[in-house]
Amino acid sequence: MDKNITADAIIKSEQNAMNAITIDCVIFGFDKGSLEVLLVQHGEGISKGKWGLPGGWIYKKESTDNAAHRLLNELTGLDNIYLEQLKAFGDPDRFPLRRVITIGYYALVKREDYNIKAGFTAADAKWYKIDAIPDLIYDHNEILAYSLKHLQNRVRQAPIGFNLLPEKFTLLQLMHLYEEILGIEMDKSNFRRKILHMKLLVALDEKQQDVSHRAAKLYKFDPEIYNKLTEKGFNFEF
Ligand SMILES: O=P(O)(O)OC[C@H]1O[C@@H](O)[C@H](O)[C@@H]1O
């Protein structure tokens, strides 16, 4: 085949190819029994003044994982977070100016462990309760909805709570964590029976202190079983 024809074809197909890829991070925070999401207010560009997920452009010589950590840190001050890649969001019309595919990342953290400080192109950065999310830019409400579904599936398949609850907690606190993430109300005795059956918790010889109601028994996670179930997975049907 004629070399020039092949080169021409390559150039043409490259010109038609899309090369704009960005990152968007969904950071869920759990604090005092409520699930929240970290959002940033754009300080410049076509979305100035509007709220969205922390994210943006990837540098040419940067891995997508590094870009996710860098952008999150620059925009919100968050650092040292275990970010998991979710999926790519590639609707051709998701970004108004041209075709841009974005890669979603997500994490679930204990809110009080982190200080938030808006920076870079963000005018503000704030935690929003999951049931009070404003209208977000582009397809960010969809990305958030997908991430929440993913988190809800994840809590049915592996233990959660280790980095979200205090070291010693009551069964009710653990149940509220599940209720908040799954957005459902649970039956206390049913939850108690199922969770204790897993042998994931160690009952302590201690009760809550300084509470106005009847003090409840405290539990902690058995780290070995927690890790084993995290690796192996389970099916927690509520
Ligand atoms: O920051 P701007 O330029 O508005 O957004 C560009 C891209 O960065 C991402 O967060 C958006 O989802 C979009 O894909």
Side-chain angles (χ1 to χ4, degrees), residues 13-31 35-111 113-154 181 183:
S13 65
E14 279 185 358
Q15 279 165 352
N16 287 328
M18 85 127 264
N19 56 12
I21 304 186
T22 57
I23 301 281
D24 281 302
C25 301
V26 182
I27 310 299
F28 292 108
F30 187 71
D31 192 40
L35 185 68
E36 306 187 346
V37 176
L38 183 59
L39 299 177
V40 290
Q41 187 183 39
H42 283 223
E44 48 190 71
I46 56 164
S47 302
K48 191 170 172 183
K50 296 188 187 146
W51 288 85
L53 299 168
W57 304 94
I58 304 165
Y59 291 146
K60 278 205 170 120
K61 302 243 168 193
E62 185 180 43
S63 72
T64 49
D65 287 358
N66 285 350
H69 284 103
R70 174 185 57 79
L71 284 159
L72 189 61
N73 182 248
E74 287 176 345
L75 293 163
T76 71
L78 280 201
D79 209 358
N80 288 323
I81 286 205
Y82 176 72
L83 282 172
E84 206 176 296
Q85 197 182 106
L86 203 57
K87 77 170 201 113
F89 295 85
D91 188 308
D93 301 317
R94 61 166 297 280
F95 187 68
L97 299 184
R98 62 200 153 104
R99 179 92 199 272
V100 178
I101 292 175
T102 198
I103 303 174
Y105 279 80
Y106 98 112
L108 172 61
V109 301
K110 188 175 179 178
R111 227 195 81 162
D113 288 348
Y114 299 92
N115 289 324
I116 301 304
K117 195 176 180 299
F120 192 35
T121 54
D124 200 359
K126 263 200 320 217
W127 293 101
Y128 277 79
K129 289 213 185 330
I130 199 75
D131 54 6
I133 303 293
D135 247 350
L136 303 178
I137 54 168
Y138 321 139
D139 57 348
H140 288 199
N141 287 95
E142 279 165 47
I143 298 177
L144 172 55
Y146 182 93
S147 311
L148 183 60
K149 266 265 156 307
H150 180 85
L151 178 64
Q152 291 171 338
N153 289 337
R154 161 85 179 53
I181 292 178

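As the structure is a prediction and not an experimental result, all values here were calculated from the model. The first residue of the sequence shown is numbered 1, and numbering continues consecutively from there. Read the numbers this way: they start at 1 and go in the same order the structure lists the ligands and their atoms.
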Please name the pair of heavy atoms, one in Ser147 and one in Val26, separated by the smallest distance, quoted to 0.1 Å.
OG-CG2, 3.2 Å
Got the closest protein heavy atom to atom 4 (O) of ligand 1, with its distance?
Tyr138 OH, 2.5 Å
Just by modelled atom types, is the Gly49 backbone N or O under 3.5 Å from a matching donor or acceptor in the Gln41 side chain?
yes
Taking Asn66's backbone N and O only, do any of them form a donor-acceptor pair with Ser63's side chain (distance below 3.5 Å, no angle check)?
yes
Give the residue and atom name of whichever protein heavy atom lies nearest to atom 3 (O) of ligand 1, and the separation in Å to one decimal.
Trp57 NE1, 3.3 Å
For atom 1 (O) of ligand 1, what's the nearest protein heavy atom and its distance?
His42 CE1, 3.5 Å
Kindly confirm or rule out an N or O of His140 lying under 3.5 angstrom from an N or O of ligand 1.
yes
Near Val100, which atoms of ligand 1 are under 4.0 Å from a heavy atom of that residue?
14 (O)
Proximal atoms of ligand 1 relative to Gly55 (non-hydrogen, under 4.0 Å)
10 (O)
Relative to each other, are the rings of His140 and Tyr138 parallel, tilted or perpendicular (30° and 60° limits)?
perpendicular
Looking only at protein heavy atoms, what sits closest to atom 8 (O) of ligand 1 is Gly56 CA, 3.5 Å
Nearest heavy atom to atom 9 (C) of ligand 1: which of Leu75, Leu71, Ile101, Asp24 does it belong to?
Asp24
Closest heavy-atom pair and its distance - Ile27, Leu83:
CD1-CD2, 3.6 Å
Of the listed options (Ile103, Thr102, Thr22), which comes nearest to atom 7 (C) of ligand 1 when hydrogens are ignored and any heavy atom counts?
Thr22
For residues Gly56 and Thr22, report the shortest heavy-atom separation together with the two atoms involved.
O-CB, 3.2 Å
Greater than 12 external heavy atoms within 6.0 Å of Lys110's NZ:
yes
